Amino acid sequence: MIPISRRALFGGMAGAGAAVVLGSCSSGGSNDPAADQEANSAVLPTYVPYADVEPDLPAELGRTSGAFFAYPESPVAFSSETPGDGEPVTFMGPTSFGLPPALEDNPFWQEMNERIGSDLQISLTPAGEYDAKFSTTIAGDSLPDAFYVGSMPSRPRFMMSKTADLTEFLAGDAIKDYPGLASIPTDSWQECVFEGTIRAIPLNRGLVSLPSVLMRNDLLADEGIDRREITSFETLREISAELTGGNRWAWSDAPIGHLRRMCDIPIRWTLEDGTIGTNLLDERQLEALEATRKLVDDGSVNPDAAGTPASTRKQWFGGGQIVFMSDSFIAWFSLYVANARVDGIDIQAMSIPGMTEGAGTQDLPRPNAGFTAFSADVGDRLPTLLRIADWLAAPFGTEEYLFNKYGIAGRNYELDGSDPVPGDLATEVNIGSLYFSDTARVIYSPGRPDTVQDAWDHQSAVTEKSVVDPTYGLLSETASRQLNSLAGALASVQDDIIYGRRPVSDWEPAAQEFLDGGGSTMIEEYQESYDAQQAGQ
Amino acid sequence: MALPGLVLLLAFQYVPLAGNVIAFKDYLPFIGIAESDWVGLENFEIITGGDPRFVNALGNTLIITLVQVVLVFPIPICLALAMNSLVSERIKRLVQSVLYLPHFLSWVIVVAVFQQFLGGAGMINNFLRSQGWDTFSIIGDPDAFIPLITAQVVWKDSGWATILFLAVLSQVSTELYEAASVDGAGRWRQMWHVTLPALRPIVVLLLILKLGDALSVGFEQIILQQQAVGLQASEVLDTYVYNNGIVDQNWSEAAAVGLVKGVVGVVLVWGANKVAHIFGEDGLYRT
């Protein structure tokens, strides 16, 4: 992987008009944001790329992930030691996959425990419900040894009071004892620093978590449709209607996110000429909502879309009950694995045209899918837990990565050349260990070099015109306390609108309520934080 | 003998009551109840100030309560009367079993069954579509939400709720019916003058208890179906407490709403009991 520093990343995106700042998003202790930022930068771990594995297609700043057509021949061993201490390790995290077989019926999990040298006791919750589970776990004071940190009000205070301080093990060059963790790029770590201390390890995704629309291109081909015909909302609408019929619908969900991208407003916060603002009251919001509604009114969206969990939508996708699905870019590859038995399945991602012509705007994801922290109560076991995390973060190209992600050779996958081709028992590996700790992600789909090329090309195309969330790295106490619930209330009105339960005209009052209820204060606070950071540079 | 029960009651009902103190604090779970700041009545402002989300939840709750008391409550009584009039013991047992069964299914199953049958991509709609006929929308239609959940409650619990009434009916002395019949009373007059008066105390008792949790209307059932119709149509007080308190983590506000809900419940039970006394019934208790 080529290291991507935040400064370089955002400097390289002049076209998007995004000038964003280096710094932690998360401290909140003192009243001097510039000083906080300096303290946070001081502890950042040194970035040490693991080995010279040269990707077949290069990573480019803010544009593409590195990509591999095949798994490297004769993978090296990442570590010769067993990281565990023989005592069980408890972990709690979210999952976007179906639940795996339980430990006693899951040879992969047993083997994993064997290799780690400690029993991983993992409790998984569907991603959509994880925050509720996480908050009740905190309230019940029953946090496990390690846990994925859900979203919550006052998160910085939580991190400071309930999680273990990792600074002495990971700051600066100390991280070199943990080569897996050290190979995670610096921009990921910035989110894990609170008040000058490292409190978590990042789950790096980078550009592989681009918000995307995936499609069953084989079904399009059956209807004689070329996906490149989607060049405007009108063509998208026509094609959606054409694909709908019988017990099949074009869409698994009402694609408001994609239509916002087509309307150039994928992110609600804006930054123009050094001023933080919002597009919530922009007319294009109404345009995106109207357009989404049209798709729903046309009957092109599965009638049970509202309230259906992601795992069911993925089943619809595999079963051909729907053709288009909003998902993360990285699902492209796991959907191939999950649907290995579907004949002729061909997955592609949808381009992002403008509403009438030209190109829409891709929103770039934050560098991490989230982060994992350790309970402040683990005491002496901290180095052991970090060694396990390090082992789980074994980089692409190693023997351990092959095992962690693909399982046991001959059981969960078959080797085809150097590529692990997942088989029927591939779901055994979904035990959630990748939410405990993970290495930086690359584009790779075993035995599908064409997919790798298509995926890399897609990233390269849609990121030509892109935007980042300008508030990433900025501090707002109001956002920390209220953003969740205000955004939740707004999302609920949005759902009502796009599924036709309320008129589009209800958007503006709801957006106004979001701003009056705290949104405007957040903008002011973000602005202050932004100005402080600009001044500090 | 009562000790284990008493301990359970103390541990799980009375001790947690002390947690209600967070309604008067700015509670953050990770710093604990004791350390959280006192804020007085600030959390009650969503009630006194008429927060729109709260008002919406309260409105929906009251409508659903009304529907359940007026429409759903009498159904088990009618069923019990109908079953009581069955002569054959075997048929009676069979009907009872069939009516009781749905009670033992969890809400997750019940909701899934309704979804599979009535959903937009459900069995019936798929059949209609395959015949080229018009489809209908019940699940996912906010206007159909209250009829839908009412139908679910009736299907699931009406049979089970007949048990108490049947028990009372079996206690009615046959001599009363014989005496009425000697006096020339037909079946309807027997029901009016013998059966219904026998049921009256239990009906009053259950009504009072029902009022006690008038503001609780099927949390599990509703939360499972909430996303399909949106919060405007489906938010009730219990789901509001969950969504606002646990999902959005405004624990203190949620506790304040829960506390007020509890107080209202107590007042309703107490008031209804007084009313029952005025009409000469024993009600729940007499002091």
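The sequence lines fix the lettering, A, B, ..., with proteins before strands; numbering per chain opens at 1. The model shown is predicted, which means the values in this text are computed figures rather than measured ones.
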Trainee: Under a 4.5 Å cut-off applied to non-hydrogen side-chain atoms, are A:P255 and A:W251 in contact?
Mentor: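 Contact flag for A:P255/A:W251 side chains = yes.
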Trainee: Report which part of A:Y499 has an atom under 4.5 Å of a heavy atom belonging to chain B: side chain, backbone, both, or neither.
Mentor: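 Contact with chain B is absent: no heavy atom of A:Y499 under 4.5 Å.
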Trainee: Identify which of A:I138, A:T308, A:N302 forms the greatest number of heavy-atom pairs closer than 4.5 Å to chain B.
Mentor: A:I138
Trainee: With a 4.5 angstrom heavy-atom cut-off, is it the side chain or the backbone of A:R502 that approaches chain B, or both, or neither?
Mentor: side chain
Trainee: Would you indicate whether the side-chain heavy atoms of A:F324 and A:S300 approach each other to under 4.5 Å?
Mentor: no
Trainee: Is it the side chain or the backbone of A:S135 that comes within 4.5 Å of chain B heavy atoms, both, or neither?
Mentor: both
Trainee: Tell me whether A:K162 is salt-bridged to A:D141, with the criterion being a basic N under 4.0 Å from an acidic carboxylate O.
Mentor: yes
Trainee: Where on A:T136 is there a heavy atom nearer than 4.5 Å to chain B: the side chain, the backbone, both, or neither?
Mentor: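 Answer is both: backbone and side chain atoms of A:T136 are under 4.5 Å from chain B.
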Trainee: Give a yes or no answer on whether the side chain of B:N60 reaches the backbone of B:Q232 with a donor-acceptor pair at less than 3.5 Å.
Mentor: yes
Trainee: Between A:R501 and B:D141, is there a salt bridge with N-O shorter than 4.0 Å?
Mentor: no
Trainee: Is the shortest side-chain heavy-atom distance between B:Q225 and B:F145 below 4.5 Å?
Mentor: yes
Trainee: If I measure from the heavy atoms of chain A, does B:L28 come under 4.5 Å with its side chain, its backbone, both, or neither?
Mentor: side chain
Trainee: For the pair A:R293 (side chain) and A:A288 (backbone), establish whether a donor and an acceptor sit closer than 3.5 Å, ignoring hydrogens and angles.
Mentor: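 No, the answer is negative, given that no donor and acceptor are paired below the 3.5 Å cut-off.
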Trainee: Heavy atoms only: give me the nearest A:S96-A:A127 pair and the separation to one decimal.
Mentor: OG-CB, 4.2 Å
Trainee: Taking the six-membered ring for Trp, are A:F374 and A:F91 ring centroids under 6.0 Å apart?
Mentor: no
Trainee: Contact part of B:N243 toward chain A, heavy-atom cut-off under 4.5 Å: side chain, backbone, both or neither?
Mentor: neither
Trainee: Do side-chain atoms of A:D131 reach the backbone of A:G150 as a donor and acceptor pair under 3.5 angstrom?
Mentor: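 Pair absent, no side-chain N/O of A:D131 close to backbone of A:G150.
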Trainee: I'd like to know if A:R199 pairs up with A:E191 as an ion pair, taking the criterion as any Lys NZ or Arg NE/NH1/NH2 lying under 4.0 Å from an Asp or Glu carboxylate oxygen.
Mentor: no
Trainee: What residues of residues 36-48 of chain B make heavy-atom contacts with chain A at a cutoff under 4.5 angstrom?
Mentor: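 Residues in range: none.
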Trainee: Sort out for me which of B:N250, B:D26, B:I33 touches chain A most, counting heavy-atom pairs under 4.5 Å.
Mentor: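 Highest number of pairs under 4.5 Å: B:D26.
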Trainee: Apply the test side chain to side chain donor-acceptor pair (under 3.5 Å) to residues A:T125 and A:E129: give CA-CA distance (whole Å), side-chain angles for both, the deciding distance (0.1 Å), then the verdict.
Mentor: CA-CA 7 Å; A:T125 306; A:E129 280 132 47; over 6 Å; no
Trainee: At a 4.5 Å cut-off on heavy atoms, which part of B:I31 comes close to chain A: side chain, backbone, both, or neither?
Mentor: side chain
Trainee: Which atoms of B:D51 are under 4.5 Å from chain A, going by heavy atoms: the side chain, the backbone, both sets, or neither?
Mentor: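 Answer is neither: B:D51 stays 4.5 Å or more from chain A.
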Trainee: Heavy-atom pairs under 4.5 Å with chain B - which of A:P153, A:G488, A:S492, A:S161 has more of them than the others?
Mentor: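 Ranked by heavy-atom pairs under 4.5 Å with chain B, first place is A:P153.
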Trainee: For the interface with chain B, which of A:V493, A:D496, A:D304 has the highest count of heavy-atom pairs at distances below 4.5 Å?
Mentor: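 Maximum pair count with chain B is reached by A:D304.
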Trainee: Quick check on B:Q115 against chain A: is it the side chain, the backbone, both or neither that has a heavy atom closer than 4.5 Å?
Mentor: side chain
Trainee: Tell me, side chain or backbone of A:S151 under 4.5 Å from chain B's heavy atoms, or both, or neither?
Mentor: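 When you check distances to chain B, only backbone atoms of A:S151 fall under 4.5 Å.
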Trainee: I want to check something: taking the side chain as every heavy atom from C-beta on, are B:V264 and B:L215 in contact at a cut-off of under 4.5 Å?
Mentor: yes
Trainee: Measure A:D495 against the heavy atoms of chain B and call it side chain, backbone, both or neither at under 4.5 Å.
Mentor: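 Neither part, no heavy atoms under 4.5 Å.
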